[in-house]
S.K.: 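One structure follows; several queries about it will come next.
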Amino acid sequence: MSTSPARLVREFHRAFGLDARETPTEVSPQLAAHRGELLAEEAAEVAEVAVEGPLDDLAQELADVVYVAYGTALVHGIDLDEVIAEIHRANMSKLGPGGEILRREDGKVLKGDHYRAPDVSAVLRRQGWIPDGA
Ligand SMILES: [Mg+2]
């Protein structure tokens with residue numbers, strides 16, 4: 001079984017008659033705002049339990065964020081797995097050729113000279129997105 005939530009979330013959207021698109025598409029401002037609100041609600045729920053827990057609540061709220069994020073991608077016709085792969089590629093390029101790691105004082109990994117930024121626009125164009133004005 002695929003470990004991606006994409007298939008599960010697609011099943012949910014089908015079962016409940018929610019929007020699902022096959023090609024990256026700008027949606028109505030109302031729908032876009034609604035999806036943004038759903039995601040903000042779930043992110044706020046993560047923040048509520050992030051420090052005090054309990055751990056099972058944190059796990060649930062994190063999963064809710066991912067589930068809603070995949071749903072929002074599906075509503076917009078975005079294959080989020082491919083976008084995540086591109087983000088991962090860019091993040092891994094923060095590693096120097098000799099394995100050097102640059103860190104900020106708080107531990108955040110920084111970009112080195114070999115960093116190559118994600119090209120999410122290219123990923124979406126491969127999925128069939130035609131940007132405005134193109
Ligand atoms: Mg929740």
Side-chain angles (χ1 to χ4, degrees):
M1 186 187 106
S2 164
T3 55
S4 171
R7 188 178 57 78
L8 305 177
V9 172
R10 183 179 293 277
E11 180 183 21
F12 176 77
H13 277 238
R14 282 212 183 108
F16 288 88
L18 300 172
D19 282 50
R21 291 178 178 77
E22 299 298 327
T23 303
T25 309
E26 278 79 11
V27 302
S28 73
Q30 292 79 9
L31 179 56
H34 171 63
R35 295 304 311 187
E37 285 156 15
L38 290 179
L39 197 50
E41 278 174 30
E42 297 301 346
E45 288 171 7
V46 168
E48 279 171 24
V49 297
V51 177
E52 302 283 331
L55 199 57
D56 54 346
D57 284 358
L58 176 61
Q60 179 178 328
E61 299 307 344
L62 288 171
D64 285 348
V65 166
V66 172
Y67 205 95
V68 172
Y70 267 87
T72 299
L74 181 59
V75 163
H76 288 83
I78 295 165
D79 183 332
L80 197 58
D81 287 341
E82 292 182 356
V83 178
I84 289 172
E86 175 61 5
I87 299 299
H88 176 63
R89 184 209 52 72
N91 281 339
M92 291 305 288
S93 76
K94 292 175 179 176
L95 202 60
E100 326 71 90
I101 298 169
L102 292 176
R103 280 188 205 281
R104 200 166 65 187
E105 268 181 28
D106 68 359
K108 180 181 172 161
V109 175
L110 298 175
K111 300 163 184 132
D113 291 341
H114 293 82
Y115 176 69
R116 284 176 47 238
D119 189 350
V120 174
S121 176
V123 174
L124 292 196
R125 282 185 271 114
R126 280 199 298 275
Q127 294 177 10
W129 181 49
I130 301 167
D132 277 350

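In each ligand, atom 1 is the first atom listed, and ligand 1 is the first ligand listed. Computation of the quantities below employed the complete heavy-atom set of this structure, encompassing side-chain atoms and omitting hydrogens, waters and symmetry-equivalent molecules.
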S.K.: Just wondering, more than 12 heavy atoms not from Asp56 lying within 6.0 Å of its CG?
M.R.: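 Buried by this count: over 12 neighbours within 6.0 Å.
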S.K.: What count do you get for protein N, O or S atoms closer to the Mg ion (ligand 1) than 2.8 Å?
M.R.: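 With waters ignored, the protein N/O/S count below 2.8 Å is 4.
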S.K.: Answer yes or no: are there more than 12 heavy-atom neighbours, outside Leu31 itself, under 6.0 Å from its atom CG?
M.R.: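 Counting other residues, nucleotides and ligands, CG of Leu31 exceeds 12 neighbours.
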S.K.: So with a 6.0 Å cut-off around CZ of Arg21, is the heavy-atom count from everything else above 12?
M.R.: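 Counting other residues, nucleotides and ligands, CZ of Arg21 exceeds 12 neighbours.
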S.K.: So, applying side chain to side chain donor-acceptor pair (under 3.5 Å) with Asp106, which one of Lys108, Arg103, Arg104 is it?
M.R.: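 Result for side chain to side chain donor-acceptor pair (under 3.5 Å) with Asp106: Arg104.
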S.K.: Hey, are Glu86 and Arg89 close enough for a salt bridge, meaning a charged N less than 4.0 Å from a carboxylate O?
M.R.: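 Yes.
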S.K.: Quick one: closest heavy-atom pair of Leu39 and Ala69, and the distance?
M.R.: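 Taking Leu39 first and Ala69 second, the nearest heavy atoms are CD1-N, 3.9 Å.
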